[in-house]
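A short write-up of the structure that comes next.
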Amino acid sequence: MATISLQRLSKHFGTFSALHELDLQVRDQEFMALLGPSGCGKSTTMNLVAGGIDASAGKILFDGRDVTDVAMGRRGVGFVFQNYAIFTHMSVRDNLSFGLRMRRLHRTEVDRRVSAMADLLQLGPLLDQRASGLSVNILQRIAIGRSAIVEPAIFLLDEPLSNVDAAFRAIMRTELKSLQRQFKQTMIYVTHDQLEAMTMADRIAVMDGGVLQQVGTPLEVYNEPRNVFVAGFIGSPGMNLLEGRLYEEGGAIGVDLGVIGRQRLTEGKQAAAARRAGLADVLLGFRPEDITVDAGNPGALKMAVSFVERIGHRVVVHLDAGAQQVKMVARNGFAATLGAALPLHPQADRMRLFDKASGLAIGVE
Amino acid sequence: MSVEAVKAPIAPVVVQAGDAEIRRLGLRLTLPAQLLLAFIVLFPLVMELYISFTDWTPLVGKNWVWAYRYWNDFDNYVEVLTNARLWGSIVRTFVVMIVCVPTELLLGLGIALLFTGDFFGKRFFYSILLMPMMVVPAVAGYMFFMLFQSGGPVNAILSALTGSQVAIAWLSHANLALAAVMIADIWQWTPLMFLILLAGLLGVPEDQLQMATLLGAGRWARLRHIVLPRISRILVIAVAIRTIEIFKIFDTLYIMTSGGPGDSTETISVYIYKVTMQDLEWSYVATIALFILVVLSAVAIPAIKRFGAAR
Amino acid sequence: MSKPSWGSEALRYALILLAVAIALIPILWMVSMAFKPVEEWTDAGRTLHWLPIHPTLDNFRFIFGGSTSKLIVSLDSTAGWPILASLLSATLGTVIAMVCGTLAAYGVSRFNAGGNLPLALLQLRIFPPMAVMIPVMIMWSFLGLVDTWYGLALIYGIVTLPFSFWLMKTFFDDMPRELEEAALVEGCSRFRVFHRITLPMMMAPFASAALLVFIFNWSDYLIALLLTTREWRTIPVYMASLSSSMTGQLYGAKAALGLIAAVPPVVLGLAIQRYLVRGLTFGALKQ
Amino acid sequence: MTDQGSSRLISRRRLLKTGVAGFALTSAIGIAPRYIRPAHADTGLAPGMTGGPTGFAGAERYQYNPEMPEGRAIEGIKALKAAGKAPSKLVFQMSEGAIGQLTKSFPADAPTIQSVWEKETGIKIEIVGVASGNEFTKVMQDISTKGAAFDIYQVEWNRLGDLTEAGGLVNLDEYVAKYKPEWDDPKRGYTGGVQGVTLLNKYNGSHYAVSLDGDFQTWIYRKDLFENSKEQADFKAKFGRDLHFPETWDELTEVASFFHRPDKGLFGCTDLRNQGWGYTNWYQRYCSMAAPNKLLFDDHGKALINSPEGVKAAQGYVDGLKYHSPDAISWGWPEQYGNMASGNAAITCAFSNMPKFLDSAANAGSKVTGKLAAALPPGTRVNGKLIRRSVLWFNLMAMVSTQSKHPEAAYLFLQWLGGSRTFSWMSSNPAGYFDPFQLANFDDPLVQQSYHPYQVANIRETIKRAVPSINYAGASSYHKSLDDNLMAALTGNQTAEQAMAATAKAWDKVTRRIGEQNIVKAIQTSLPSWPTLVD
């Protein structure tokens with residue numbers, strides 16, 4: 001059992017506020033990803049949890065136990081550094097057994113657990129090699145094993161894949177995920193790569209500018225972005241956001257996008273929320289993947305092709321009208337001629353509304 | 001910071017240039033050094049080998065080339081192997097080594113550890129702590145000669161600390177004199193250890209220390225398992241350098257005590273100096289020199305090679 | 001990383017200050033002695049004074065020939081010449097060591113030349129100079145180099161050659177060769193390459209190495225003691241003659257001269273701090 | 001003593017008068033010797049004199065004419081110059097502490113000796129100082145490295161044999177014959193006449209050196225302490241006898257221990273115990289242990305020191321430490337003089353010049369001015385007779401280097417410098433440690449003035465009781481082993497017995513190396529100069 005609960009956790013470096021009143025609950029055995037652009041405060045959060053730095057304000061609780069003032073050595077957290085910080089002057093075995101030896105465990109016990117861990121990580125044959133000059137995925141295993149072997153309640157990983165080449169990342173990701181399942185440990189995983197977050201995390205905490213933006217499962221943050229930042233940050237390319245005004249016409253509600261055209265909204269909680277909001281300036285959001293082109297169907301949004309990006313299996317079509325741009329992801333067979341105006345049909349149930357002023361999603365609690 | 005020792009020379013820069021040309025160039029470049037080396041090695045070797053079989057001394061008033069007239073077979077060699085005072089000086093030199101090198105190492109390491117992390121005045125203190133090793137050794141000798149007078153500062157400080165009138169005659173008592181010269185050496189050369197080891201410490205990756213801490217390692221455990229292993233090579237180098245220098249120790253010591261009282265602070269170099277300049281037994285000294293040369297070649301050089309190879 | 005507690009900080013300062021004190025006291029004593037008048041030189045049987053009661057420049061005047069009424073002792077020569085002797089011999093010695101050392105280092109580092117030279121030089125470094133002084137004295141007397149500043153410089157150059165060689169070698173080994181290679185491909189002569197590209201890049205390391213070598217030569221006592229008799233006695237050798245039947249050891253004069261002798265190394269040493277580690281470890285350690 | 005001195009002065013003036021009368025007469029008859037110039041006021045020379053210092057009271061005593069060794073030397077230089085064989089300068093390697101006697105004027109209004117020589121000959125004297133104690137090392141360095149740095153060496157007398165054998169010294173017989181230095185002049189010359197010259201200047205029957213010193217170890221004590229009534233009372237109370245300077249070594253132990261108060265910064269005795277110098281005390285103890293002398297070798301060159309006497313001497317030497325400064329083992333004579341000067345010792349044994357330096361108004365550093373007195377060395381009672389022995393040791397000599405391009409000129413300078421007139425003037429000069437040893441020196445008022453009558457009288461008496469230390473080939477080795485072993489005994493690394501046994505063994509080895517017959521010969525030649533006087 002290990003839950004982490006961060007309560008109004010803040011960290012200032014002088015006048016700069018690296019983290020502002022973060023509230024975050026991590027469940028037991030949960031794989032929580034801290035996602036955000038660099039400087040969003042995720043690493044700060046991690047270091048606070050690890051105990052590497054002191055909090056300026058707020059509390060850190062492990063299983064309800066306040067550890068805010070506990071020295072990092074005694075918090076019992078496992079840590080995997082960006083570069084793994086392997087003790088390259090030691091053998092693999094000594095790396096794995098380090099934590100146990102520090103805890104003065106009996107030799108036999110140490111050996112038992114080391115060999116167990118080695119089997120688990122398939123490091124058996126390497127045990128007595130010097131840790132220097134091993135391949136990254138081995139190093140990652142050692143790094144994880146070294147921390148896991150002391151059975152920490154919590155496991156922190158600081159962008160472990162950031163200095164691994166792309167081709168290798170896929171393998172590492174799956175390996176990491178499976179390890180996490182085996183250890184059944186609570187993990188906090190810091191990354192700026194949403195792909196990693198999406199594929200591995202149970203839940204994602206999206207952060208920006210030291211403020212938590214949204215917490216949720218990968219799908220939640222993808223489908224129900226709480227604000228324009230999350231909408232734009234998650235997904236590649238991010239969600240299209242078109243400025244417009246709400247209008248009402250014959251009981252039906254829609255968004256007036258000016259030169260582009262008018263987009264009617266299907267009745268539902270969004271429309272309801274929109275009504276409640278009154279005829280305000282809004283942003284209409286829909287994902288590039290959720291657009292169909294249908295000349296036959298009327299009431300389409302008209303935008304001209306400005307640029308075509310062909311990325312193998314798919315095509316990203318850039319369109320614009322006036323000052324507004326939209327990206328559309330199509331199958332790679334898609335034929336588009338520059339300058340040609342296309343009739344766009346965002347998938348009705350996938351459209352989202354955001355308050356232009358606050359940037360918050362409309363109709364999402 | 002990285003470490004390297006005697007390493008095999010690197011392959012030539014430009015491959016397309018002919019080997020012959022490269023060889024010629026390399027030869028030309030190294031020639032001056034080679035000549036100097038030959039100049040200082042060849043003649044001395046031959047000359048010392050020659051007179052080492054004779055009884056020749058400048059006191060006989062004839063040039064060394066006539067030394068064969070004083071041929072005495074292996075007497076000098078026997079003397080080298082049996083002369084109690086020579087061996088006394090050798091043993092004494094090693095005693096100084098065994099006391100000073102570890103002391104300097106530990107003190108140096110200790111001070112270096114104090115200098116990890118940041119604190120006010122770090123740079124300033126650092127510079128001051130380096131000063132002793134920059135004082136000309138001969139000058140340091142005169143300095144400590146004054147300091148260790150029975151009416152001098154050292155006793156004054158001891159008196160102040162103990163509260164009783166201390167009047168130790170440091171340089172007049174066999175063992176105390178030896179202690180005094182050791183203290184002088186430690187004073188002057190601990191800074192070197194400090195300098196080197198601090199450089200080493202700064203080279204230990206921060207995240208590894210952090211990792212060790214996370215894994216529950218305390219101060220000492222970190223020192224033992226992370227820091228020391230990581231600076232081991234540096235330690236070896238530092239120790240090697242001091243060992244070599246103490247093996248040759250002369251200036252400070254000679255000025256403080258000229259090897260006295262009696263022979264109680266006589267080290268190899270001091271002994272050789274006395275036999276050379278005061279007793280003028282030059283053929284005997286030549287034999288000692290050859291003896292040292294043989295021993296060094298047999299011990300030191302292989303050690304260096306091994307150290308160089310194990311990188 | 002680990003949060004420093006107030007206590008440990010205090011302890012750290014206490015220990016550092018202690019070390020600093022120990023490092024400074026002998027030096028300060030010499031400084032104080034240099035400014036003490038004759039009467040205050042020895043405190044035998046009396047309470048010891050850390051600072052001069054009546055500070056004076058007499059000691060400095062004295063070693064530079066200015067007579068001080070207190071000392072009825074005449075100096076056959078003033079400290080002027082010895083200081084010059086130390087300067088000249090140390091400087092030329094440095095030039096010899098650095099030129100030969102650098103060329104050889106370049107040859108070994110770039111052209112794999114020299115064969116056993118590196119090891120031989122190391123061995124030369126380890127060997128106690130005292131043990132070869134007899135043949136050296138004989139050679140030098142044969143070549144008429146005894147008691148000449150250039151004779152002294154020559155032996156200095158040889159003694160510090162291993163040092164300059166190894167230091168420069170490590171510098172060359174570290175230096176990226178791409179530039180040289182490029183220039184060579186451009187068709188520059190090797191000399192031009194060395195002169196136009198290598199040397200300029202090597203200036204800072206070279207200078208620091210040279211300063212260190214100078215400090216070593218400047219610090220020598222033993223060799224000068226054996227190879228100079230009269231005109232070109234260096235500072236430490238000359239210092240020994242500063243004792244008198246009237247006042248015993250001329251502590252003050254020695255301290256004054258010692259102070260002068262101590263200045264260049266300290267200044268130069270502090271000036272090249274960032275190269276010290278590398279320098280003093282024969283280039284074995286780099287920062 | 002003082003009366004004697006003044007009476008001498010008077011007689012001297014009378015003598016001068018008659019001298020002047022003498023010239024008047026001879027010139028009247030018109031057979032004025034060609035070299036006598038009339039004494040012009042501007043030369044300042046006394047009538048009949050052709051050279052020497054002028055311009056201060058008593059200068060005439062140091063003036064000379066070509067009838068005198070100094071004058072002959074000057075004439076010799078002139079001849080050399082005429083023949084174009086004279087150098088423009090001579091390099092003189094001097095023991096550092098003596099240089100002042102050539103370069104500082106004494107009395108204040110007098111010229112310096114150097115200037116007088118340079119004025120009269122035009123030959124510059126370049127002086128190179130060597131720290132005292134390093135003379136031999138430096139000279140051997142010059143000889144063995146062919147440094148040719150010097151025309152004239154100055155080394156202690158004991159090294160004469162070794163330096164000659166090393167081929168470093170010019171045989172001066174030819175010049176001595178040619179220029180007649182008159183060292184053996186019965187009125188003005190060396191004490192002991194021919195014997196004295198042989199002892200000091202000759203080795204193996206030839207002249208190799210010119211003595212510039214009289215290093216007979218003399219004993220000095222603090223009369224302010226010895227004459228202090230309270231001290232006397234305390235002493236009497238403690239030992240039941242009157243306090244006076246000790247006559248025997250045992251008394252020395254008592255008296256010195258009595259005055260030994262280190263806590264008050266006063267040491268009982270501060271004679272030397274250090275390497276290279278201390279063993280003169282052993283000499284004095286040892287040689288006084290038989291009547292008339294306890295010899296070092298027997299007739300076959302066998303060492304006699306491994307004997308009860310040798311051990312007793314060594315033991316006394318070691319035990320003496322307890323009433324010395326704790327630093328004594330590392331103190332050379334500079335420290336010793338300094339210690340005495342600062343008033344921190346009651347008794348010492350030193351070179352005869354100690355009063356000249358420490359009992360001198362000119363020496364601001366000295367706290368004992370006017371408080372010193374001199375005495376004969378302590379001795380040993382041998383069947384009723386008191387044997388007191390000092391030792392002739394060190395004694396700086398000047399020698400001509402075989403590497404000199406101008407040996408003759410160099411010799412002439414030494415004849416001039418070592419002549420009884422110049423040397424009387426020089427040895428009186430408190431700026432250096434050359435000591436008087438010629439008869440003329442002792443009579444000289446200036447010497448009397450700077451050495452004080454009490455010490456001059458003491459020196460005369462001490463010389464009569466001084467044994468020569470070893471100065472023949474091997475001396476360096478003999479003394480080295482004695483020195484090393486005594487030091488080992490001092491530092492407690494061996495007993496007095498062991499020390500003497502080891503030394504005797506080493507001595508016999510040296511004797512074998514050099515050849516028994518040579519040593520025996522040398523010993524025989526030196527025997528006549530051993531004292532016979534017993535009290």
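Reminder, nothing fancy here: chain letters follow the sequence lines and each chain counts from 1.
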Practice task
Check each atom of B:S159 against the heavy atoms of chain C and say whether the ones under 4.5 Å are side chain, backbone, both or neither.
Solution key: neither
Exercise for the section: Can you tell which part of B:F119 gets under 4.5 Å to a heavy atom of chain C, answering side chain, backbone, both or neither? Expected result: both
Handout entry: Aromatic plane relationship, B:Y254 with C:Y221 - under 30° parallel, 30 to 60° tilted, over 60° perpendicular
Key = tilted
Practice task
Indicate yes or no: at least one non-hydrogen side-chain atom of C:I134 is less than 4.5 angstrom from one of B:T276.
Solution key: yes
Completion exercise
Applying a strict 4.5 Å limit to non-hydrogen atoms, the region of B:Q149 in contact with chain C is side chain
Practice task
Output the distance between atom CG (C:L11) and atom CG (B:L114), rounded to the nearest 0.5 Å.
Solution key: 7.5 Å
Problem - Contact origin within B:W282 toward chain C - heavy atom pairs under 4.5 Å - result: both
Exercise for the section: Output all residues satisfying side-chain contact (heavy atoms from CB on, under 4.5 Å) with B:I128, sequence neighbours left out; order by chain, then residue number. Expected result: B:F124, C:V20, C:L24
Handout entry: B:E245 side chain reached by C:R125 side chain, heavy atoms, under 4.5 Å
Key = yes
Practice task
Run the ring-centre check on C:W140 versus B:F39 and record whether the distance is less than 6.0 Å.
Solution key: yes
Fill in the blank from the handout: If one checks every heavy atom of C:M137 against chain B at 4.5 Å, the contacting part turns out to be side chain
Handout entry: Spacing of CD1 belonging to B:I255 relative to CE belonging to C:M239, to within rounding of 0.5 Å
Key = 8.0 Å
Handout entry: Which portion of C:L268 sits near chain B, non-hydrogen atoms under 4.5 angstrom
Key = neither
Exercise for the section: Measure the acute angle between the ring planes of C:Y13 and B:F125, then classify it against the limits of 30° and 60° as parallel, tilted or perpendicular. Expected result: perpendicular
Exercise for the section: Please determine which of C:L161, C:I155, C:V132, C:V159 meets the side chain to side chain contact (heavy atoms under 4.5 Å, CB included) test together with B:I40. Expected result: C:I155
Exercise for the section: Give me the contact list for residues 131-141 of chain B versus chain C, heavy atoms only, anything under 4.5 Å, ordered by residue number. Expected result: B:M131, B:P132, B:M133, B:M134, B:V135, B:V136, B:P137, B:A138, B:V139
